[in-house]
Number of protein chains: 2
Amino acid sequence: MDIIHTTGNTCINKLLDEEKDELFGSARNLYFKAGEGVVKKGASVHDLFLLKEGTVELILDEGREKQSLILLFAGEIIGVNCVYSTKYYRFSALALTDCEVLVLNYRVFSKLLTNNSGFSMSFIQYISMVNERFLNWHMNLTEKNSAGALAFLLCELEKSYGRSSFEIPLTRKDMARVIGFSRESVLKNLADFRKEGIVESEGRTIKILDADRLHDISTYG
Amino acid sequence: MDIIHTTGNTCINKLLDEEKDELFGSARNLYFKAGEGVVKKGASVHDLFLLKEGTVELILDEGREKQSLILLFAGEIIGVNCVYSTKYYRFSALALTDCEVLVLNYRVFSKLLTNNSGFSMSFIQYISMVNERFLNWHMNLTEKNSAGALAFLLCELEKSYGRSSFEIPLTRKDMARVIGFSRESVLKNLADFRKEGIVESEGRTIKILDADRLHDISTYG
DNA sequence: TAGAGAAGGTGTAAAATTACACCCTTACTT
DNA sequence: AAGTAAGGGTGTAATTTTACACCTTCTCTA
């Protein structure tokens, strides 16, 4: 199955220069340290948080926080689904790395959607793609066994960072939560991957040696 | 957790009378028998399928067809996420009951989105809500044990039909696929529910006796 | 009306995952 | 420098779910 993977939303490019000036002129930058909360579940959506740099994890921090929703990388609007539906965040976002967020003004954004039909059509495409990505992510993780889910996560990280060797922004416990399995399952599967020469891992440094094999495990696992 | 449950999309009500005439004038009705395929995964999205009557199941009919995506009831546009993203269906839709579908012309619909900003904003709200519903449905099923998942399904059906007693449009095997567990798990949990006086069930006739208890099992199961 | 097939149902065995217990190492704190 | 907390790691037991085997009922069809 193809993994739909937005490389960031492009709808803002549909704006005229003067509209961009208005949107960015009313925007401000926020910086978050790794581990900080970016948005809090239940809070009202006042503005749109465009993730310019870093990785965040979306979590449903309820009683049962077995599994996180998804990881978001640079280019995504955090909680874009909630902006025009519930108007409050349905989940929390946690910075996994240091993050830079551009806060776009809700009223300006909405006005531009209303006035510029090219922009609104492009935004419809964007949220449709985000929808697909969420669903795809979740289906990929929940239909798999623990090995397949871990392989999927590693493949996604490789793709997002564009390198086969990277520092994973998650502890083993975090990885378990993201893929919806136990910490022990992550450790055991990671040990298996090492034994079979599919990955090298030492602490947070992960190097994917056999991407094809990993992808197969992700697909058929 | 609140279950977001669209009672059908209302964005079409934002259209002017003449726009409605144009949209419905170019539309046609299709009728499907229970068991028939409504849309096929991989097919291009030519038009929008508005489900006027009946219940359909969305399935990712790949090799691993462990779990279906969601059930859709009257009022929903089938595959609305795909219309402006992938442009082809990412899943198949199967009629569980006899269905009536209103086929809306894609070009007319898109033109109205472009020309009527109130409609497009309302459509953005609609697809955001659909997004929420998909995610909520999936999270509810995958975070639960088999009893909780079955309880969730029964609660959703009760809510959709607006009655505590109904004919379930699914065989036990179907129910298993919808909630992502095995047929035996469904049967055993259903037997437990009967023993504990939570439901009565005889074949496809289901009567919910203790909705509160069922809801608790759904929430904490 | 006999037979096949689909559906509901249940017990037991097998498989997978989680939970627990415990180890080692590192890094931070006092 | 010792103590403690957090993270990585691994074996074994407990739990959950699935798989298998088998039975009954109902319906459709030859």
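The basis for the numbers below is simple: all heavy atoms, side chains too, and nothing from hydrogens, waters or symmetry mates. Sequence lines set the chain letters: A, B, ... in the order given, protein chains first and strands last, and positions in each chain run from 1. The shown structure was predicted, so the numbers you read here are calculated from the model rather than taken from an experiment.
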- Between P of dG9(C) and CG of Leu150(B), the distance in whole Å: 12 Å

- Any Phe193(A) side-chain heavy atom under 4.5 Å of Leu150(A) side chain: yes

- Query: Roughly, in whole Å, what's the span from CD in Glu202(A) to P in dC24(C)?
  - Reply: 19 Å

- Between atom CD1 in Ile179(A) and atom C1' in dT18(C), what is the gap in whole Å? 13 Å

- Query: Got a donor-acceptor contact below 3.5 angstrom from the Lys52(B) side chain to the Val101(B) backbone?
  - Reply: no

- Message: Please tell me if Arg194(B) has a side-chain N or O lying less than 4.0 Å from either OP1 or OP2 of dT10(C).
- Response: yes

- Message: Using OP1 and OP2 only, check whether a side-chain N or O of Ser146(B) sits under 4.0 Å from dT17(D).
- Response: yes

- In whole Å, what is the span from the CZ atom of Arg183(A) to the P atom of dT18(C)? 13 Å

- Task: Measure from the side chain of Phe181(A), starting at C-beta and using heavy atoms only, and say which of dT17(C), dT10(C), dG9(D) lies closest.
- Result: dT17(C)

- Note on the structure: Closest to the side chain of Glu184(A), out of dG7(D), dA7(C), dT10(D), is dT10(D)

- Query: Ring centres of Phe134(B) and Phe134(A) under 6.0 Å apart?
  - Reply: no

- Item | Out of dG8(C), dG9(D), dT17(D), whichever nucleotide has its closest atom nearest the side chain of Leu187(A) | dG9(D)

- In whole angstrom, what separates Asn189(B)'s CG from dT16(D)'s C1'? 11 Å

- What integer distance in Å separates Arg177(B):CZ from dT18(D):C1'? 17 Å

- Message: Taking atom NZ as the centre, does Lys207(B) end up with more than 12 heavy-atom neighbours from other residues, nucleotides or ligands that are less than 6.0 angstrom away?
- Response: no

- Base, sugar-phosphate alone, or nothing: which one does Arg204(B) contact when heavy atoms must sit under 4.0 Å apart? nothing

- Message: Looking only at the side chain of Ser185(A) (C-beta and beyond, no hydrogens), which of the listed nucleotides dT10(C), dG8(C), dT18(C) gets closest?
- Response: dT18(C)

- Task: Give the rounded distance in Å between these two atoms: CD of Glu167(B) and C1' of dA7(C).
- Result: 15 Å

- Query: Lys188(B) or Arg172(B): which one's nearest nucleotide on DNA chain C is closer to the 5' end?
  - Reply: Arg172(B)

- Message: In this structure, how many angstroms lie between the C1' atom of dA6(D) and the CG atom of Asp174(A), rounded?
- Response: 12 Å

- Message: Set out, in order, the CA-CA distance, both residues' side-chain angles and the distance that settles side chain to side chain donor-acceptor pair (under 3.5 Å) for Asp174(A) and Thr171(A), then state yes or no.
- Response: CA-CA 5 Å; Asp174(A) 291 335; Thr171(A) 67; 3.2 Å; yes

